Amino acid sequence: MTILETRKLNKHFGGLHVTGNVDFTLQTGEMHCLIGPNGAGKSTFFRLILGEHQPDSGQILFADEDITRAKPFQRIRKGISVKFQVPGIFKELSTRQNLVIALQHHVPAGDLTEEVDRLLEFLKLSQDHTQLAGNLSHGQKQWLEIGMAIALKPRLLLLDEPTAGMTPDETHATGEMLHRLNAEGMTVLAVEHDMAFVRQIAHRVTVLHLGKVFAQGSINEITADPRVAKIYLGEVHA
Amino acid sequence: QDAEPIKLGVLEDQSGDFALATIGKVHAIQLAAEEINAAGGIDGRPLELVEYDTQSDNTRFQEFMRRVLQRDKVDAVFAGFSSASREAYRPIVNQFDGLAFYNNQYEGGVCDANMIVTGAVPEQQFSTLLPYMIENYGPNVYTIAADYNFGQISAEWVRNIVAENGGTMVGEEFIPLGVSQFSQTIQNIQAAKPDFVVTLLVGTAQASYYEQAGAANLGLPMASSVNVGQGYEHKRFTPPSLKDMYATVNYVEEVDTPASKEFVEKFRAKFPDEPYINQEASNSYAAVYLYKQLVERAKSTDLAEIRKVIAEGDVCVDGPGGQMCIDPKSQHVSHTIHLAHVTEDHSVEFPTKWDAIQPYWLGEAGCDLTVSDPSEQYTPSNPPPANG
Amino acid sequence: MAETSRLRGILRLVEGPQTLGRGPKFWAGFALVLACACAYPMFADSYDVGNNVYFFNWLFMAMGLSLIWGYGGSLSFGQTAFFGIAGYCYGVLTINLGDAYGLTLLSLVMAVGFSAFFAAVLGYFLFFGRINGVFLGIVSLSVTLVLERFMAQTAGPQWAIGSARLNGFNGMGSMPSLTIPWPGGSIVLFPDLPLYYLTLALLVVVYLALRMLVNSRFGNVLVAIRENPQRAEMLGYDIRKFQLGAFVIGSSLAGLSGVLYTSWGNYITPASMGMTAAALPIVWVAVGGRGDLTTTLVGTLAVLIVFQMLTIYGSQYALIVMGVLLVVTVLVAPRGIVMGIVDASRRLFRRKEAR
Amino acid sequence: MDIFNLIFSFLYQFGDAFAFLVLSACGLAVIFGMMGVINLAHGEFIMCGAYVSTSAVHAGLPLPLAIIAGAVAAGIAGMIVELVVIRPLYQRPLDTIVATWGISMIVTQGTLIVLGPSMQGVGTPFGSFTMGGYSYSIYRVILMIAAIGTLALLWLMFTRTRFGLLSRATIQVPHVAEAMGVNTNLIYSLTFGLGAALAGLAGGLYAPTMTLVPTMGASFMVEAFVTVVVGGADIFLGTAPAAAILGIIKAALTGWQGQLAGQIGLLIAVIIVIRILPRGISGKILKERA
Amino acid sequence: MPEPLLQTSALNGGYGGKPVLQGVDIDVKEGEIVAIIGRNGVGKSTLMKTLIGLLPSQRGEIRVKGRQVDGLSAHRRARLGIGYVPQGRDVFPRMTVLENLMVGQSISGRKLDGKLEEVYHYFPILQERAHQRAGTMSGGQQQQLAIGRVLMGGPSLVLLDEPSEGIQPNIVQSIARIMVELNAKTGLSVVFVEQNIDMIRAMAQRCYVMDKGRITAALTRADLDDQDLIRSYLSV
Ligand SMILES: Nc1ncnc2c1ncn2[C@@H]1O[C@H](COP(=O)(O)OP(=O)(O)OP(=O)(O)O)[C@@H](O)[C@H]1O
Ligand SMILES: Nc1ncnc2c1ncn2[C@@H]1O[C@H](COP(=O)(O)OP(=O)(O)OP(=O)(O)O)[C@@H](O)[C@H]1O
Ligand SMILES: NC(N)=O
Ligand SMILES: [Mg+2]
Ligand SMILES: [Mg+2]
């Protein structure tokens, strides 16, 4: 069963075609990574899925429902959530309050405090729970935003460079967490440049280049592809 | 002397937009009070002023009218420049049954037993001004007026009196308060080709009209009931932008009579930096003397007693501009109306004057405060109900 | 025992991360202040009582703006539009309906309702049109200035609704004050004792209700939108509805202020919607500390009182002193004057303790 | 009246409205549009320019020099205000509302106390010309030229000079600019001073045509804010077209239905334009171009 | 032994009342490339900001070329030849790519001939998009711009805060190469905060480990070849 499908998705800015006829399908329960050179259009693709940008043409289907014209918040309510590339948090609110706002959707008032504490613990932010989110370190902000995204208990989780700025250990921990969530039924689509992480989580990998699907396959197939090495990976991973 | 003082509340705008025309009113009241106290007060009681700066802000009038009446317990209040400020405080004066003097030229029509109005009103100014202008310059009239009560009601008076005198309105334009740019208006006037322009401009922004009309070489004579007498535009703008402006005033500092000269002398002695002594300063000054007479004759500051004196119909003082008498029906005041003509070099000459011009309209229209007190403001198009 | 837990339950509703002031100490202080406010008329003359009612009148608009701006992050520069609309509405209704049978109270409700309706229409236009930031400020300012300029030229007799003349710039007067029907003669609420208690009660109710609102889920979302509207939307909230909701509630409170003010002085004027009038609520709320209802309330009251005192005793220097006070407050008390004073006294207190 | 004169008169009225909008707005475009300081004392900088240039003429300076003196004086006043009051507030722009409101009160009332309720004007120079039965003020044509010249100069300054480059960088990300070796305090001060000087220039230019009173700045405020906001974030792409659009609307409505229609129409036009372009005119242009 | 280019002793710093750095001692010699590693939130960025002067040092001292710079504002320090690339890129969003580069160059006050070509050579995307507004560039493109921008000023020491973040692998490699090349060619010194082990190993000659606001270890080049050792310092 597919959870997400795009059909001939096009978006251009001025003369620049950022995505060109992208046909992409994501199976329910999959862990999928989207990789590709800087400026390939990965973040833009996410924004199209979320409704932050309107496509020039093409269609987006979520769980077989056409959501191309749906408002962003409607898409979220259908079960998509996102962690952006640049941390999007509520800077002047405490770390705790950030999570409360995400959690209050599903969690009854009585359990809210407890639930937030659990999530804080999980994100290793318990110590900083009263800290204003804007004063967290860069990595902590990333954690917080991931926490807000998973707090929504989405069916599809979009992560734009979730591990940027994390130590290898933390990256690994993030991967494990995603596996756990995946086991609970969450589909994950992540943009990453960290190949170790991609290897750790991805069932399948799609390479985007110049707005087009350039290659698709398992991580081993992709890293073995000399064309991908040339445009993207470089010598180390080739 | 330990006679209890008579307290006079003074609510005038000493800052903000209207300060230009009203600071002099406060000074005039201070001058009169000082004179009266030097001469032994009112019936032996000294006059004490309770002053507040109302900052050209209606809400301050509301706040301080309550304060002077309730807290300071003044015997009378001298208050207000703009008609809006008067309307803002009038309900409060009525509520506490106080006595307020409105010492300002205005659009007319206030029929309220708690108010005495010493300023000139349209019938006094236009019934004199317009026939003169039509006779001397021609019948085609263009009015530009501030787009609010004063301007609209005055324009209505102009319309009516022009018609009565065989003139024609070739244009009428209303300018929102605060407008300072007049290019289009100047062009409209040129298109209408009037013989003279009636300018009923209010506020400092609108006064910019004169400079701009002058710069565009409009070159038309002007007539006004409000300009020159209040905002001394002829002193503030460079000649000859106000050339051939005619204004009917009950006073300006240039009035060339012994009483006026004496007044100017006393005023300048006390306030040497006063930029100009305008009509409203003179009215405020005279109003203090009117009040003195009322209290002395009533032997009381009680409003009912004072109004009995007014009803006698002979309360008069000689103000700096001429005699002023209170009309019992409307509690407005008769005036000597001077025609001020601004010459090319912005000096003022007085081609003519009219004595004892009555504020007749309210009384004729049916306001009679000796009979009833509607506490309303009427206009020619919204007169008192026919049965009185 | 059950009592205290119920009490705690209520407290939980009005307390939370979105409001300063919590715990028994705060509420004890609150009760004390309220008691003082109730006892105040016994020690004050009727001028002071009426004057305080006048100050109270404005506080509703200030709290409403705190909700819209301080909590929701939408700077409305046009709250006076709703103030004016409700004031005129009250005037038109009561002049036509009269003051018998509690019709003035009905008029109050209808006038506030009308301003809420107008806010809903304008708010729909603004928020569903995705207008925000300075654009929102300028549009709302433009709306209030249009109303002002329009009302200013309604001097002519053609501008009347029923027997109520709008009366242009001079303003509309002679509407009756709020009147409570009472067996054996209705009570006319002149600016005196009964009006004082009524306004005070309204104030307490509105204050507590707003505290509940901002500490509810609605309030959480509202501050989230202020901090990062995109993120809030990406958490699945239709931010437009929340913004609209806050706008309508806050604007109705401006309307309530308008009605109370109109009834207080039997007068309403277009100048109440002009540029200066429009800027004042923003100044009060900002000086008080816009991010919190309590600081807004206390700060606004303080500014109103201090500025009136200055006008009374400061002669021509009043405006200068006011200006200096505003500048200094902003510079030394970034969180508003109330928190500035609280912080300063804490520091003083601590230093004394340390000695 | 023939069609040529009709067109000329409309162009003149449009130019007049355009010049007023541009000159009112330029200084605010820098201080508010660029720096994000909601400057409610904008009118007081204009008043400062008007008062100083008028005094300079009274003291014998020729008008053009006097106008420049007015601009310089306002610019210096602006730099002082920036140093003392605005500098701590860049990170909390909303608080500038209160601070500048306070400054405005201080300046207006201070001027009233020190200089009295009004100042004697200097008169409008250059006389008038006649065209198709109407006479027009020549000086107002000069105001139009000055408006266009100011726009051009500003554009050059911000796009072609090092100051412009560093100023924009500083305002966008101050801490990085600082770390790139930019003396950001100096840049802030100069930029604010420039904005104030432009306001002073407007004051100096309009001084000969207006009433000189302490509150005169108020009559520029609404037009200035409205123009800057309709223009949108990018002041160079925004201010000129905004002034042009609003100028046409205002001139047309004023000519057709009178001043009230012009005033209310201007405000309603603002509401409509912002509804259509929620990020202002330049927001629209930039989105198209990007 | 060349004099230390950059030296801190017992440096304390933080945000207002909140101390973060607790007596940091590092020294960097002319021509060195030094990495700083550590877990999230230990104070690496805080150290970088304190070095360039965006945060005041609360105690201790910082010397650049022997001169004490604690009292100097950031722009003064920058003019001593220190370049800084903040974490999270912070390009000037509403200026074009080229304008961003020009700001980087303006520090020197003079035209540095050939700099632009050099930067374009390293990061071709910047030339391609010279007139695009920087805020609309992709994340990785912005990071390249941020690095290119600092090179425009011809610094003798650059502080890089997680330069690899968000950059595609082959460009990460080339950035490391570029730095090494500049280091060899011009003697450019580099202090960089990094999590990417490949990049650390490709660039660094030495490495400091930070934890809870302190330097807890100093690793040599030889230590850096031991991946597991680095991992162990970065783990909890
Ligand atoms: N508003 C815009 N105007 C012009 N170009 C844009 C705009 N937004 C994005 N682009 C361009 O579109 C392309 C795709 O950007 P996008 O952010 O999707 O890349 P990405 O694949 O996420 O890259 P990265 O790995 O660096 O994050 C880039 O070349 C970018 O410069
Ligand atoms: N502006 C700030 N105000 C207050 N505290 C801050 C601020 N910025 C960061 N901190 C705190 O200082 C500590 C160190 O932060 P810093 O940004 O230096 O960490 P870091 O080592 O760079 O982490 P990362 O790898 O996540 O970027 C953290 O606990 C963080 O919460
Ligand atoms: N009374 C006036 N002129 O408003
Ligand atoms: Mg991206
Ligand atoms: Mg960091």
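As the structure is a computational prediction, the values presented were derived from the model and not from experiment. Below, read A as the first sequence line, B as the second, and so on, with proteins coming before strands; counting in each chain starts at 1.
Considering only heavy-atom pairs separated by less than 4.5 Å from chain D, the leading option among Val324(C), Ile320(C), Val134(C) is Ile320(C). Per-residue counts of heavy-atom pairs under 4.5 Å with chain D were compared for Arg130(C), Met275(C), Arg290(C); the largest is that of Arg290(C). Counting heavy-atom pairs under 4.5 Å between each of Asp95(D), Leu40(D), Thr100(D) and chain C puts Asp95(D) at the top. For the set Val107(D), Leu112(D), Val226(D), Val85(D), the entry with the most heavy-atom pairs within less than 4.5 Å of chain C is Val85(D).
Without hydrogens or angle criteria, Thr108(D) side chain to Met105(D) main chain gives no donor-acceptor distance under 3.5 Å.
The aromatic rings of Phe83(C) and Trp58(C) lie parallel to each other, with less than 30° between the two planes, well short of the 60° mark.
Residue contact with chain C, scored on non-hydrogen atoms closer than 4.5 Å, involves the side chain of Ile97(D) exclusively. Heavy-atom distances place no part of Val328(C) under 4.5 Å from chain D, backbone and side chain included. With a threshold of 4.5 angstrom between heavy atoms, Leu75(C) approaches chain D through side-chain atoms but not through N, CA, C or O. Using a 4.5 Å cut-off between heavy atoms, Ile103(D) contacts chain C through both its backbone and its side chain. Heavy atoms of Gln316(C) lying under 4.5 Å from chain D belong to its backbone as well as its side chain. With a threshold of 4.5 angstrom between heavy atoms, Val84(D) approaches chain C through N, CA, C or O but not through any side-chain atom. For a residue to count as touching a neighbouring chain, one of its non-hydrogen atoms must lie under 4.5 Å from one of that chain's; by this rule Arg275(D) touches chain C with backbone and side chain alike. Heavy atoms of Ser140(C) lying under 4.5 Å from chain D are absent altogether. For a residue to count as touching a neighbouring chain, one of its non-hydrogen atoms must lie under 4.5 Å from one of that chain's; by this rule Ile271(D) touches chain C with backbone and side chain alike.
Under the side chain to side chain contact (heavy atoms under 4.5 Å, CB included) rule, Val143(C) has a single partner from Phe77(C), Phe118(C), Phe125(C), which is Phe118(C). Among Leu325(C), Val330(C), Leu331(C), the single residue meeting the side chain to side chain contact (heavy atoms under 4.5 Å, CB included) criterion with Val327(C) is Leu331(C).
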>> Assess the residue pair Leu297(C) and Val338(C) against the criterion (side-chain contact (heavy atoms from CB on, under 4.5 Å)); give the C-alpha distance rounded to whole Å, side-chain angles, the decisive distance to 0.1 Å, and a yes or no.
In response: CA-CA 10 Å; Leu297(C) 186 73; Val338(C) 177; over 6 Å; no
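Checked by atom type, the side-chain pair Thr144(C)/Thr80(C) shows a donor-acceptor distance below 3.5 Å. Donor-acceptor pairing under 3.5 Å is lacking for the side chains of Gln13(D) and Thr254(D).
Thr96(D) is not listed as a side-chain neighbour of Phe32(D), based on a closest heavy-atom distance of 4.5 Å or more.
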Can you give each donor-acceptor pair under 3.5 Å made by side-chain atoms of residues 17-26 of chain D, sequence neighbours left out, with the distance rounded to 0.1 Å?
residue, atom, partner, partner atom, Å
Ser24(D), OG, Phe20(D), O, 2.5

